[in-house]
Amino acid sequence: MVPFYRIAALLAEKPTGMEIAVNGWVRTRRDAKGGFSFLEINDGSGLANLQVIADEALPNYHDEVLRITTGCAVRITGVAVPSPAKGQEIELKASRIAVEGWADPLVYPLQKKRHSYEFLRTIAHLRPRTNSLGAVTRIRGSLSFAVHQFFHQRGFIQVHTPIITTSDCEGAGEMFTATSLDLDRLPTTGGKTDFGQDFFGRRAGLTVSGQLEAEAYALAMGNVYTFGPTFRAENSNTSRHLAEFWMIEPEMAFCDLAGDIDLAEAFIKHLVRHVVENCAEDFALFGRFVDTTLPDRLHRILAGPFPRISYTVAVAELHKSGRDFAFPVQWGADLQSEHERYLCEEVFDGPLVVTDYPKTIKPFYMRANDDGKTVAAMDILLPGIGEIVGGSQREERLDLLGERMTAQGLDLDEYGWYLDLRRYGSAQHSGFGLGFERIIQFVTGMGNIRDVIPFPRTPGSASG
RNA sequence: UCCCGGGUAGCUCAGUCGGUAGAGCAGGUGACUGUUAAUCACCCUGUCGGGGGUUCGAAUCCCUCCCCGGGAGCCA
(Lines give C-alpha, C1' and ligand atoms only; values in the text may rest on other atoms or scores of the structure.)
Protein backbone atom coordinates (compact mmCIF):
# COMPACT_ATOMS: atom_id res chain seq x y z
CA MET A 1 0.00 0.00 0.00
CA VAL A 2 1.52 3.29 -1.11
CA PRO A 3 1.33 5.87 1.71
CA PHE A 4 -0.97 8.80 0.99
CA TYR A 5 0.15 12.32 1.76
CA ARG A 6 -1.57 15.65 2.03
CA ILE A 7 0.65 18.08 0.15
CA ALA A 8 1.30 20.33 3.18
CA ALA A 9 2.59 17.33 5.13
CA LEU A 10 4.58 16.08 2.15
CA LEU A 11 6.37 19.41 1.73
CA ALA A 12 7.06 19.57 5.45
CA GLU A 13 8.27 16.00 5.95
CA LYS A 14 10.06 15.58 2.60
CA PRO A 15 9.94 11.76 2.51
CA THR A 16 12.29 11.49 -0.48
CA GLY A 17 13.16 8.26 -2.17
CA MET A 18 9.93 6.46 -1.44
CA GLU A 19 6.79 5.96 -3.45
CA ILE A 20 3.82 7.99 -2.25
CA ALA A 21 0.37 9.08 -3.44
CA VAL A 22 -1.33 12.49 -3.53
CA ASN A 23 -4.68 13.77 -4.76
CA GLY A 24 -5.49 17.30 -5.80
CA TRP A 25 -6.42 19.85 -8.41
CA VAL A 26 -4.13 21.09 -11.13
CA ARG A 27 -3.15 24.73 -10.94
CA THR A 28 -0.95 24.84 -14.04
CA ARG A 29 0.74 22.62 -16.60
CA ARG A 30 3.98 23.57 -18.28
CA ASP A 31 5.39 21.39 -21.02
CA ALA A 32 9.08 20.83 -21.59
CA LYS A 33 9.34 19.46 -25.09
CA GLY A 34 12.31 17.45 -23.97
CA GLY A 35 9.66 14.89 -23.30
CA PHE A 36 8.00 15.74 -20.01
CA SER A 37 5.63 18.19 -18.33
CA PHE A 38 5.42 20.03 -15.04
CA LEU A 39 2.14 19.94 -13.13
CA GLU A 40 1.43 22.19 -10.16
CA ILE A 41 -0.94 20.41 -7.79
CA ASN A 42 -2.87 21.90 -4.87
CA ASP A 43 -5.05 19.86 -2.52
CA GLY A 44 -6.22 22.61 -0.17
CA SER A 45 -3.93 21.56 2.66
CA GLY A 46 -1.75 24.61 2.25
CA LEU A 47 -0.73 27.50 0.10
CA ALA A 48 2.23 25.79 -1.56
CA ASN A 49 1.69 23.61 -4.61
CA LEU A 50 3.42 20.33 -5.30
CA GLN A 51 5.42 20.22 -8.52
CA VAL A 52 4.91 16.95 -10.33
CA ILE A 53 7.16 15.70 -13.12
CA ALA A 54 5.17 13.87 -15.77
CA ASP A 55 7.45 12.04 -18.16
CA GLU A 56 6.33 11.02 -21.65
CA ALA A 57 7.06 7.44 -20.64
CA LEU A 58 3.76 7.52 -18.74
CA PRO A 59 1.30 5.34 -20.66
CA ASN A 60 -1.31 8.13 -20.82
CA TYR A 61 1.15 11.01 -21.41
CA HIS A 62 0.18 11.90 -24.96
CA ASP A 63 -3.54 11.26 -24.86
CA GLU A 64 -4.25 12.55 -21.34
CA VAL A 65 -1.43 14.35 -19.53
CA LEU A 66 -0.92 16.79 -22.41
CA ARG A 67 -4.64 17.63 -22.23
CA ILE A 68 -4.60 18.41 -18.50
CA THR A 69 -5.51 22.01 -17.77
CA THR A 70 -6.12 24.25 -14.76
CA GLY A 71 -8.85 22.82 -12.55
CA CYS A 72 -8.56 19.11 -13.37
CA ALA A 73 -8.77 16.67 -10.44
CA VAL A 74 -5.97 14.11 -10.40
CA ARG A 75 -4.68 11.18 -8.39
CA ILE A 76 -0.93 10.79 -8.64
CA THR A 77 1.51 8.14 -7.50
CA GLY A 78 5.24 8.69 -7.67
CA VAL A 79 8.55 9.06 -5.91
CA ALA A 80 9.40 12.25 -4.06
CA VAL A 81 12.85 13.49 -5.00
CA PRO A 82 14.94 16.59 -4.30
CA SER A 83 14.25 19.16 -7.00
CA PRO A 84 17.21 20.03 -9.23
CA ALA A 85 15.72 23.47 -9.99
CA LYS A 86 14.95 26.48 -7.84
CA GLY A 87 11.46 27.18 -6.56
CA GLN A 88 10.80 24.05 -4.58
CA GLU A 89 12.79 21.73 -2.36
CA ILE A 90 11.17 18.53 -3.48
CA GLU A 91 9.04 17.38 -6.38
CA LEU A 92 7.17 14.24 -7.31
CA LYS A 93 8.36 12.07 -10.19
CA ALA A 94 5.06 10.56 -11.26
CA SER A 95 4.74 6.89 -12.05
CA ARG A 96 0.98 7.14 -12.47
CA ILE A 97 -1.34 10.08 -13.16
CA ALA A 98 -5.07 9.42 -13.21
CA VAL A 99 -7.36 12.22 -14.28
CA GLU A 100 -10.45 11.88 -12.14
CA GLY A 101 -12.30 14.97 -13.29
CA TRP A 102 -11.67 17.13 -16.34
CA ALA A 103 -12.20 20.89 -16.46
CA ASP A 104 -12.89 22.18 -19.97
CA PRO A 105 -10.58 25.20 -20.32
CA LEU A 106 -13.00 26.87 -22.72
CA VAL A 107 -15.60 27.24 -19.98
CA TYR A 108 -13.81 26.72 -16.65
CA PRO A 109 -13.96 30.18 -15.06
CA LEU A 110 -10.73 30.08 -13.07
CA GLN A 111 -7.57 30.93 -14.89
CA LYS A 112 -3.93 30.83 -13.89
CA LYS A 113 -3.90 34.57 -13.39
CA ARG A 114 -5.18 36.66 -10.52
CA HIS A 115 -8.91 37.33 -10.43
CA SER A 116 -10.75 40.19 -8.78
CA TYR A 117 -12.64 39.41 -5.57
CA GLU A 118 -15.77 40.82 -7.21
CA PHE A 119 -15.55 38.23 -9.96
CA LEU A 120 -14.76 35.43 -7.53
CA ARG A 121 -17.92 36.31 -5.55
CA THR A 122 -19.94 35.39 -8.63
CA ILE A 123 -18.45 31.88 -8.48
CA ALA A 124 -18.48 31.34 -4.72
CA HIS A 125 -18.55 27.57 -5.26
CA LEU A 126 -15.22 27.61 -7.13
CA ARG A 127 -13.34 30.38 -5.36
CA PRO A 128 -11.91 28.18 -2.56
CA ARG A 129 -9.67 26.82 -5.32
CA THR A 130 -7.79 30.13 -5.42
CA ASN A 131 -4.82 30.99 -3.25
CA SER A 132 -6.36 33.86 -1.32
CA LEU A 133 -9.79 32.29 -0.68
CA GLY A 134 -8.12 29.01 0.19
CA ALA A 135 -5.96 30.83 2.71
CA VAL A 136 -9.01 32.61 4.16
CA THR A 137 -10.77 29.26 4.47
CA ARG A 138 -7.90 27.66 6.34
CA ILE A 139 -7.54 30.65 8.66
CA ARG A 140 -11.27 30.72 9.32
CA GLY A 141 -11.30 27.04 10.20
CA SER A 142 -8.26 27.35 12.41
CA LEU A 143 -9.68 30.41 14.14
CA SER A 144 -12.90 28.55 14.86
CA PHE A 145 -10.84 25.94 16.68
CA ALA A 146 -9.01 28.72 18.56
CA VAL A 147 -12.34 30.11 19.78
CA HIS A 148 -13.30 26.85 21.43
CA GLN A 149 -9.76 26.36 22.70
CA PHE A 150 -9.79 29.76 24.44
CA PHE A 151 -13.02 29.15 26.30
CA HIS A 152 -12.28 25.53 27.02
CA GLN A 153 -8.99 26.50 28.65
CA ARG A 154 -10.90 28.88 30.93
CA GLY A 155 -13.57 26.42 31.93
CA PHE A 156 -16.38 27.99 29.91
CA ILE A 157 -19.17 25.68 28.83
CA GLN A 158 -20.46 25.97 25.29
CA VAL A 159 -24.22 26.41 25.09
CA HIS A 160 -26.13 25.78 21.88
CA THR A 161 -28.71 28.53 21.95
CA PRO A 162 -31.67 28.22 19.59
CA ILE A 163 -31.56 29.45 16.02
CA ILE A 164 -35.33 29.71 15.82
CA THR A 165 -36.56 31.96 18.60
CA THR A 166 -39.43 34.11 19.71
CA SER A 167 -37.37 36.44 21.86
CA ASP A 168 -36.21 39.48 20.00
CA CYS A 169 -32.95 40.71 21.51
CA GLU A 170 -34.08 44.30 21.25
CA GLY A 171 -31.62 46.67 19.66
CA ALA A 172 -29.82 43.98 17.74
CA GLY A 173 -31.78 44.47 14.53
CA GLU A 174 -34.64 43.15 12.45
CA MET A 175 -35.51 39.45 12.62
CA PHE A 176 -36.21 37.17 9.68
CA THR A 177 -39.56 35.49 10.19
CA ALA A 178 -39.46 31.69 10.29
CA THR A 179 -42.80 30.39 9.10
CA SER A 180 -44.46 27.36 7.56
CA LEU A 181 -47.58 29.28 6.56
CA ASP A 182 -48.67 29.21 2.92
CA LEU A 183 -47.41 32.60 1.81
CA ASP A 184 -49.94 32.69 -1.04
CA ARG A 185 -52.82 32.19 1.40
CA LEU A 186 -51.96 33.78 4.70
CA PRO A 187 -54.55 33.34 7.46
CA THR A 188 -55.56 36.72 8.81
CA THR A 189 -57.46 38.18 11.69
CA GLY A 190 -58.36 41.84 11.60
CA GLY A 191 -56.34 42.34 8.44
CA LYS A 192 -53.15 41.04 10.00
CA THR A 193 -51.43 37.72 9.57
CA ASP A 194 -52.63 35.25 12.20
CA PHE A 195 -49.45 33.66 13.44
CA GLY A 196 -51.55 31.67 15.88
CA GLN A 197 -52.05 29.29 12.99
CA ASP A 198 -48.34 29.13 12.25
CA PHE A 199 -46.06 26.19 13.10
CA PHE A 200 -45.17 27.42 16.57
CA GLY A 201 -48.55 28.97 17.32
CA ARG A 202 -46.93 32.37 17.41
CA ARG A 203 -44.59 34.44 15.36
CA ALA A 204 -41.04 33.10 15.41
CA GLY A 205 -37.87 34.22 13.75
CA LEU A 206 -34.21 33.50 13.19
CA THR A 207 -32.10 34.58 16.12
CA VAL A 208 -30.39 37.95 16.10
CA SER A 209 -28.41 37.05 19.22
CA GLY A 210 -28.11 34.19 21.66
CA GLN A 211 -27.50 36.56 24.53
CA LEU A 212 -30.79 36.30 26.39
CA GLU A 213 -30.66 32.51 26.35
CA ALA A 214 -26.96 32.58 27.25
CA GLU A 215 -27.84 34.69 30.29
CA ALA A 216 -30.18 31.95 31.46
CA TYR A 217 -27.40 29.40 31.26
CA ALA A 218 -24.76 31.69 32.79
CA LEU A 219 -27.07 32.01 35.80
CA ALA A 220 -26.84 28.26 36.27
CA MET A 221 -23.50 27.20 34.85
CA GLY A 222 -21.35 30.20 35.72
CA ASN A 223 -19.35 30.89 32.58
CA VAL A 224 -20.80 29.94 29.21
CA TYR A 225 -20.39 30.91 25.58
CA THR A 226 -22.22 30.53 22.32
CA PHE A 227 -20.71 30.32 18.86
CA GLY A 228 -23.14 30.02 16.02
CA PRO A 229 -24.92 31.62 13.11
CA THR A 230 -26.85 34.82 13.63
CA PHE A 231 -29.29 36.55 11.30
CA ARG A 232 -30.15 40.17 10.69
CA ALA A 233 -32.81 41.24 8.21
CA GLU A 234 -31.28 44.70 7.98
CA ASN A 235 -30.88 46.41 4.64
CA SER A 236 -27.20 46.96 5.29
CA ASN A 237 -25.05 47.29 2.22
CA THR A 238 -21.51 47.61 3.46
CA SER A 239 -18.24 45.70 3.41
CA ARG A 240 -18.68 44.92 7.13
CA HIS A 241 -22.23 43.51 7.29
CA LEU A 242 -23.85 40.19 6.44
CA ALA A 243 -27.43 39.02 6.80
CA GLU A 244 -26.08 35.71 8.09
CA PHE A 245 -22.92 35.78 10.16
CA TRP A 246 -21.29 33.92 13.02
CA MET A 247 -21.07 35.39 16.45
CA ILE A 248 -19.31 34.43 19.66
CA GLU A 249 -21.13 35.44 22.84
CA PRO A 250 -19.65 34.65 26.24
CA GLU A 251 -21.73 35.29 29.33
CA MET A 252 -20.31 35.23 32.86
CA ALA A 253 -22.06 35.17 36.21
CA PHE A 254 -20.57 37.08 39.13
CA CYS A 255 -18.65 39.26 36.73
CA ASP A 256 -18.73 43.03 36.30
CA LEU A 257 -17.94 45.23 33.31
CA ALA A 258 -14.20 45.39 34.04
CA GLY A 259 -14.03 41.60 34.09
CA ASP A 260 -16.01 41.52 30.87
CA ILE A 261 -13.50 43.81 29.16
CA ASP A 262 -10.61 41.77 30.54
CA LEU A 263 -12.04 38.65 28.92
CA ALA A 264 -12.74 40.35 25.60
CA GLU A 265 -9.22 41.74 25.45
CA ALA A 266 -7.66 38.37 26.27
CA PHE A 267 -9.91 36.74 23.69
CA ILE A 268 -8.95 39.09 20.87
CA LYS A 269 -5.28 38.67 21.71
CA HIS A 270 -5.66 34.91 21.78
CA LEU A 271 -7.16 34.88 18.31
CA VAL A 272 -4.56 37.23 16.87
CA ARG A 273 -1.73 35.27 18.44
CA HIS A 274 -3.21 32.04 17.14
CA VAL A 275 -3.14 33.26 13.54
CA VAL A 276 0.36 34.69 13.77
CA GLU A 277 1.75 31.52 15.34
CA ASN A 278 -0.31 28.75 13.75
CA CYS A 279 -1.25 30.08 10.33
CA ALA A 280 2.12 31.57 9.43
CA GLU A 281 2.18 30.53 5.79
CA ASP A 282 -1.31 31.81 4.99
CA PHE A 283 -0.85 34.86 7.18
CA ALA A 284 2.30 35.78 5.24
CA LEU A 285 0.28 35.78 2.02
CA PHE A 286 -2.02 38.47 3.37
CA GLY A 287 0.86 40.51 4.74
CA ARG A 288 2.51 40.41 1.34
CA PHE A 289 -0.33 40.80 -1.15
CA VAL A 290 -3.39 42.13 0.66
CA ASP A 291 -2.12 44.56 3.28
CA THR A 292 1.56 45.17 3.97
CA THR A 293 0.83 46.95 7.26
CA LEU A 294 -0.97 43.85 8.58
CA PRO A 295 1.88 42.14 10.49
CA ASP A 296 2.74 45.37 12.28
CA ARG A 297 -0.88 46.08 13.09
CA LEU A 298 -1.41 42.65 14.61
CA HIS A 299 1.76 42.77 16.64
CA ARG A 300 0.64 46.07 18.11
CA ILE A 301 -2.54 44.37 19.32
CA LEU A 302 -0.40 41.97 21.31
CA ALA A 303 2.01 44.63 22.55
CA GLY A 304 0.16 46.06 25.51
CA PRO A 305 -3.13 46.55 27.32
CA PHE A 306 -6.03 48.07 25.40
CA PRO A 307 -6.63 51.69 26.47
CA ARG A 308 -10.04 52.15 28.13
CA ILE A 309 -11.92 55.44 28.15
CA SER A 310 -15.47 56.33 29.06
CA TYR A 311 -17.93 57.64 26.52
CA THR A 312 -17.86 60.95 28.37
CA VAL A 313 -14.09 61.20 28.00
CA ALA A 314 -14.39 60.18 24.36
CA VAL A 315 -16.83 62.99 23.70
CA ALA A 316 -14.47 65.45 25.41
CA GLU A 317 -11.61 64.14 23.30
CA LEU A 318 -13.61 64.68 20.14
CA HIS A 319 -14.48 68.22 21.19
CA LYS A 320 -10.84 68.87 21.94
CA SER A 321 -9.85 67.74 18.45
CA GLY A 322 -11.35 70.81 16.84
CA ARG A 323 -12.24 68.61 13.88
CA ASP A 324 -15.14 69.48 11.64
CA PHE A 325 -17.05 66.20 11.74
CA ALA A 326 -19.95 65.53 9.40
CA PHE A 327 -21.99 64.52 12.45
CA PRO A 328 -21.83 66.97 15.37
CA VAL A 329 -20.38 65.64 18.61
CA GLN A 330 -22.60 66.03 21.62
CA TRP A 331 -23.06 64.11 24.83
CA GLY A 332 -26.10 61.86 24.44
CA ALA A 333 -25.71 61.12 20.75
CA ASP A 334 -24.14 57.86 19.66
CA LEU A 335 -20.59 57.92 18.36
CA GLN A 336 -20.51 57.85 14.56
CA SER A 337 -18.04 55.87 12.47
CA GLU A 338 -15.99 58.97 11.78
CA HIS A 339 -15.75 59.66 15.53
CA GLU A 340 -14.76 56.10 16.34
CA ARG A 341 -12.22 56.08 13.56
CA TYR A 342 -10.68 59.34 14.70
CA LEU A 343 -10.30 58.09 18.26
CA CYS A 344 -9.10 54.65 17.29
CA GLU A 345 -6.87 55.40 14.35
CA GLU A 346 -5.57 58.87 15.11
CA VAL A 347 -5.69 59.52 18.85
CA PHE A 348 -4.84 56.04 20.15
CA ASP A 349 -3.50 54.46 16.93
CA GLY A 350 -4.55 51.02 18.07
CA PRO A 351 -7.34 49.12 19.79
CA LEU A 352 -9.62 51.14 22.05
CA VAL A 353 -12.29 50.32 24.61
CA VAL A 354 -15.09 52.83 25.13
CA THR A 355 -17.31 52.36 28.20
CA ASP A 356 -20.37 53.75 29.97
CA TYR A 357 -22.59 55.03 27.19
CA PRO A 358 -25.73 57.14 27.75
CA LYS A 359 -28.59 54.82 28.68
CA THR A 360 -30.90 56.44 26.15
CA ILE A 361 -28.96 55.00 23.21
CA LYS A 362 -28.48 51.49 24.61
CA PRO A 363 -30.83 48.50 24.95
CA PHE A 364 -32.85 47.62 28.04
CA TYR A 365 -30.69 44.81 29.37
CA MET A 366 -27.62 46.95 30.10
CA ARG A 367 -27.05 47.72 33.78
CA ALA A 368 -27.82 51.26 34.92
CA ASN A 369 -24.89 53.10 36.47
CA ASP A 370 -25.27 55.06 39.71
CA ASP A 371 -25.01 58.39 37.88
CA GLY A 372 -28.51 57.77 36.54
CA LYS A 373 -27.42 58.71 33.04
CA THR A 374 -25.19 55.96 31.76
CA VAL A 375 -25.12 52.16 31.52
CA ALA A 376 -22.31 49.68 32.05
CA ALA A 377 -21.67 49.12 28.35
CA MET A 378 -18.50 48.69 26.40
CA ASP A 379 -17.46 48.67 22.75
CA ILE A 380 -14.08 47.56 21.52
CA LEU A 381 -12.86 49.35 18.43
CA LEU A 382 -10.11 48.12 16.14
CA PRO A 383 -8.30 50.24 13.56
CA GLY A 384 -9.70 49.67 10.10
CA ILE A 385 -12.55 47.49 11.31
CA GLY A 386 -14.44 49.65 13.77
CA GLU A 387 -16.64 47.96 16.33
CA ILE A 388 -15.54 44.34 16.81
CA VAL A 389 -17.06 43.76 20.24
CA GLY A 390 -20.19 45.09 21.94
CA GLY A 391 -20.88 44.08 25.50
CA SER A 392 -22.22 45.08 28.85
CA GLN A 393 -22.86 44.24 32.43
CA ARG A 394 -26.50 43.12 32.49
CA GLU A 395 -29.18 44.66 34.68
CA GLU A 396 -29.68 42.08 37.41
CA ARG A 397 -32.13 44.13 39.50
CA LEU A 398 -35.71 43.14 38.75
CA ASP A 399 -37.32 46.50 39.43
CA LEU A 400 -34.82 48.52 37.42
CA LEU A 401 -34.96 46.06 34.53
CA GLY A 402 -38.75 46.25 34.47
CA GLU A 403 -38.60 50.03 34.42
CA ARG A 404 -36.20 50.07 31.49
CA MET A 405 -38.30 47.59 29.54
CA THR A 406 -41.47 49.52 30.15
CA ALA A 407 -39.75 52.76 29.19
CA GLN A 408 -38.67 51.18 25.90
CA GLY A 409 -42.22 49.99 25.20
CA LEU A 410 -41.64 46.27 25.68
CA ASP A 411 -44.34 43.85 26.73
CA LEU A 412 -43.18 42.39 30.06
CA ASP A 413 -45.32 39.28 29.57
CA GLU A 414 -43.27 38.39 26.49
CA TYR A 415 -40.13 38.38 28.60
CA GLY A 416 -41.48 36.52 31.59
CA TRP A 417 -38.77 33.86 31.52
CA TYR A 418 -36.09 36.52 31.23
CA LEU A 419 -37.47 38.38 34.23
CA ASP A 420 -37.58 35.09 36.16
CA LEU A 421 -33.79 35.10 36.03
CA ARG A 422 -33.97 38.23 38.20
CA ARG A 423 -36.73 36.90 40.42
CA TYR A 424 -34.90 33.77 41.45
CA GLY A 425 -31.25 33.80 42.39
CA SER A 426 -30.37 36.84 40.35
CA ALA A 427 -26.69 37.61 40.21
CA GLN A 428 -24.34 40.12 38.73
CA HIS A 429 -23.40 39.01 35.21
CA SER A 430 -21.79 40.31 32.05
CA GLY A 431 -21.09 39.31 28.49
CA PHE A 432 -20.29 40.46 25.01
CA GLY A 433 -20.66 39.58 21.37
CA LEU A 434 -17.83 39.35 18.87
CA GLY A 435 -18.43 39.11 15.13
CA PHE A 436 -16.46 36.14 13.82
CA GLU A 437 -16.21 37.46 10.27
CA ARG A 438 -14.98 40.80 11.48
CA ILE A 439 -12.10 39.28 13.41
CA ILE A 440 -11.25 37.26 10.30
CA GLN A 441 -11.23 40.49 8.33
CA PHE A 442 -8.96 42.00 10.91
CA VAL A 443 -6.38 39.20 10.94
CA THR A 444 -6.34 38.78 7.16
CA GLY A 445 -6.72 42.38 6.07
CA MET A 446 -9.49 41.35 3.68
CA GLY A 447 -11.46 44.47 2.82
CA ASN A 448 -14.87 42.94 2.18
CA ILE A 449 -16.66 40.72 4.71
CA ARG A 450 -18.22 38.78 1.83
CA ASP A 451 -14.81 37.28 1.11
CA VAL A 452 -14.26 35.77 4.56
CA ILE A 453 -17.43 33.60 4.67
CA PRO A 454 -17.93 30.74 2.19
CA PHE A 455 -21.34 31.70 0.84
CA PRO A 456 -22.20 35.28 1.83
CA ARG A 457 -25.83 36.28 2.38
CA THR A 458 -26.55 39.96 1.85
CA PRO A 459 -29.59 41.98 0.78
CA GLY A 460 -30.64 40.70 -2.63
CA SER A 461 -28.09 37.90 -2.67
CA ALA A 462 -28.28 34.34 -1.36
CA SER A 463 -27.02 32.02 -4.08
CA GLY A 464 -24.81 28.97 -3.97
C1' U B 1 -32.18 53.05 2.46
C1' C B 2 -29.07 57.58 1.07
C1' C B 3 -24.57 59.81 -1.53
C1' C B 4 -20.76 58.98 -5.08
C1' G B 5 -18.27 55.77 -8.96
C1' G B 6 -18.95 51.86 -12.34
C1' G B 7 -21.28 47.88 -16.00
C1' U B 8 -17.45 47.14 -23.24
C1' A B 9 -14.36 39.74 -25.36
C1' G B 10 -13.95 34.12 -20.62
C1' C B 11 -10.99 37.79 -17.01
C1' U B 12 -8.78 42.95 -16.19
C1' C B 13 -9.52 47.24 -18.72
C1' A B 14 -8.89 51.38 -22.87
C1' G B 15 -12.27 53.57 -26.26
C1' U B 16 -10.75 61.24 -27.92
C1' C B 17 -15.55 65.64 -30.68
C1' G B 18 -21.55 60.99 -31.71
C1' G B 19 -19.08 58.10 -37.41
C1' U B 20 -20.22 51.59 -36.71
C1' A B 21 -15.08 48.12 -31.27
C1' G B 22 -9.48 47.56 -29.20
C1' A B 23 -5.21 45.93 -25.75
C1' G B 24 -3.18 42.63 -22.13
C1' C B 25 -4.21 38.06 -20.02
C1' A B 26 -6.99 33.39 -20.80
C1' G B 27 -8.17 29.82 -24.88
C1' G B 28 -6.41 27.31 -29.80
C1' U B 29 -2.14 26.07 -33.18
C1' G B 30 3.05 25.97 -33.73
C1' A B 31 8.20 27.00 -32.02
C1' C B 32 11.43 26.82 -27.84
C1' U B 33 12.90 25.70 -22.94
C1' G B 34 14.33 21.75 -15.84
C1' U B 35 9.90 24.90 -16.34
C1' U B 36 7.77 27.60 -12.15
C1' A B 37 2.84 34.50 -13.31
C1' A B 38 7.68 30.57 -18.59
C1' U B 39 8.88 32.94 -23.43
C1' C B 40 8.03 33.95 -28.91
C1' A B 41 4.77 33.86 -33.44
C1' C B 42 0.02 33.37 -35.48
C1' C B 43 -5.38 32.58 -34.75
C1' C B 44 -10.28 32.80 -32.30
C1' U B 45 -13.59 35.72 -29.14
C1' G B 46 -18.65 40.97 -28.45
C1' U B 47 -26.96 41.44 -27.23
C1' C B 48 -20.90 47.62 -25.50
C1' G B 49 -26.07 45.53 -18.41
C1' G B 50 -31.85 45.66 -20.02
C1' G B 51 -35.69 48.78 -22.09
C1' G B 52 -37.12 53.41 -24.23
C1' G B 53 -35.76 58.19 -26.54
C1' U B 54 -32.80 62.07 -29.50
C1' U B 55 -30.05 61.64 -34.22
C1' C B 56 -28.74 60.37 -41.06
C1' G B 57 -25.80 57.67 -37.41
C1' A B 58 -25.27 56.06 -30.19
C1' A B 59 -20.50 52.11 -26.36
C1' U B 60 -20.54 57.64 -26.41
C1' C B 61 -26.14 62.26 -25.34
C1' C B 62 -31.18 61.99 -22.48
C1' C B 63 -34.93 59.03 -19.51
C1' U B 64 -35.81 54.60 -16.86
C1' C B 65 -34.95 49.92 -14.62
C1' C B 66 -31.39 46.17 -13.01
C1' C B 67 -26.66 44.79 -11.12
C1' C B 68 -21.66 45.72 -8.95
C1' G B 69 -18.04 48.66 -6.07
C1' G B 70 -16.74 52.61 -2.38
C1' G B 71 -18.70 55.64 1.54
C1' A B 72 -22.82 56.69 5.14
C1' G B 73 -26.78 54.99 8.31
C1' C B 74 -27.97 50.39 11.29
C1' C B 75 -24.78 47.03 13.87
C1' A B 76 -21.17 42.44 15.15
Side-chain angles (χ1 to χ4, degrees), chain A residues 27-41 48-55 67 69-71 81-88 91 93 103-123 130-131 169-174 208-211 229-249 264 289 325-327 334-341 361-363 379-382 385-391 432-442 447-453 458-461:
Chain A
R27 285 292 172 82
T28 72
R29 190 196 85 222
R30 293 180 296 273
D31 299 325
K33 279 283 164 36
F36 62 99
S37 300
F38 299 96
L39 297 177
E40 294 272 347
I41 310 296
N49 299 325
L50 174 66
Q51 175 161 287
V52 173
I53 311 300
D55 192 88
R67 286 171 45 227
T69 52
T70 303
V81 296
S83 178
K86 287 180 184 163
Q88 59 282 318
E91 60 191 26
K93 276 196 123 51
D104 182 353
L106 289 175
V107 289
Y108 184 60
L110 289 174
Q111 303 171 0
K112 287 194 248 191
K113 63 171 199 159
R114 212 190 155 282
H115 291 285
S116 68
Y117 292 120
E118 291 82 1
F119 170 67
L120 292 175
R121 262 169 240 151
T122 68
I123 47 168
T130 65
N131 283 340
C169 190
E170 193 70 22
E174 283 296 307
V208 295
S209 165
Q211 180 198 315
T230 308
F231 309 87
R232 304 275 166 92
E234 295 288 337
N235 193 7
S236 293
N237 295 285
T238 83
S239 55
R240 298 178 304 282
H241 289 85
L242 291 164
E244 176 183 298
F245 63 101
W246 287 61
M247 188 155 62
I248 296 124
E249 296 179 286
F289 297 114
F325 292 108
F327 289 85
D334 208 353
L335 297 180
Q336 303 294 313
S337 288
E338 55 174 344
H339 306 145
E340 294 182 342
R341 211 178 307 121
I361 57 171
K362 289 294 183 184
D379 282 355
I380 298 182
L381 313 176
L382 293 181
I385 297 289
E387 190 179 334
I388 183 95
V389 161
F432 64 84
L434 179 141
F436 190 49
E437 285 75 15
R438 287 195 181 165
I439 196 79
I440 300 170
Q441 276 190 285
F442 184 70
N448 195 311
I449 201 166
R450 298 168 196 207
D451 299 324
V452 301
I453 188 167
T458 53
S461 175

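Letters A, B, ... are given to chains in the order of the sequence lines, protein chains preceding strands, and every chain is numbered from 1. Small disclaimer: the values here were computed from a predicted structure and weren't measured.
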Query raised in the report: Which part of the nucleic acid does Ser83(A) contact within heavy-atom distance under 4.0 Å: base, sugar-phosphate only, or nothing?
Result: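 Touches a base.
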
Query raised in the report: Base, sugar-phosphate, or nothing: which does Leu242(A) touch, judged by heavy atoms less than 4.0 Å apart?
Result: base

Nearest of [options] to any side-chain atom of [X]?
X	options	answer
Pro105(A)	rG27(B), rG70(B), rC75(B)	rG27(B)
Arg121(A)	rG71(B), rG69(B), rG73(B)	rG69(B)
Gln336(A)	rG34(B), rC11(B), rC74(B)	rC74(B)
Asn235(A)	rU35(B), rU1(B), rG69(B)	rU1(B)

Requested in this report: Pick the P atom in rU29(B) and in rC44(B), then give their distance to the nearest Å.
Outcome: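 Nearest-Å result for rU29(B) against rC44(B) at atom P: 15 Å.
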
Donor-acceptor pair (no angle test) under 3.5 Å: [X] side chain, [N] base:
X	N	result
His115(A)	rC11(B)	no
Asp31(A)	rU35(B)	no
Glu234(A)	rG73(B)	no

**Report entry** Pairwise side-chain contact, Leu110(A) with Leu120(A), heavy-atom cut-off 4.5 Å (strictly under)
**Finding:**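 Yes, close enough: below the 4.5 Å cut-off.
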
Report task. Would you check if Arg30(A) and Gln51(A) make a side-chain contact, meaning some heavy-atom pair closer than 4.5 Å? Result -> yes

Which pairs, protein N/O on one side and nucleotides 6-10 of chain B N/O on the other, fall under 3.5 Å?
residue : atom : partner   : partner atom : Å
rG10(B) : N2   : Gln111(A) : OE1          : 3.0
rG10(B) : N2   : Gln111(A) : NE2          : 3.1
rG10(B) : N3   : Gln111(A) : NE2          : 3.1

Query - Pair Arg232(A), Thr230(A): side-chain N/O donor-acceptor within cut-off below 3.5 Å - result: no

Query raised in the report: Ser236(A) side chain N/O closer than 4.0 Å to the phosphate oxygens (OP1, OP2) of rC75(B)?
Result: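 For rC75(B), neither OP1 nor OP2 has a side-chain N or O of Ser236(A) closer than 4.0 Å.
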
Query raised in the report: So, is Arg450(A) near the phosphate of rG69(B), with a side-chain N or O under 4.0 Å from OP1 or OP2?
Result: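 For rG69(B), OP1 or OP2 has a side-chain N or O of Arg450(A) closer than 4.0 Å.
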
Query raised in the report: Quick one: on RNA chain B, does Glu387(A) or Ser461(A) contact a more 5' nucleotide (nearest heavy atom)?
Result: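 Per heavy-atom nearest nucleotide, the more 5' residue is Ser461(A).
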
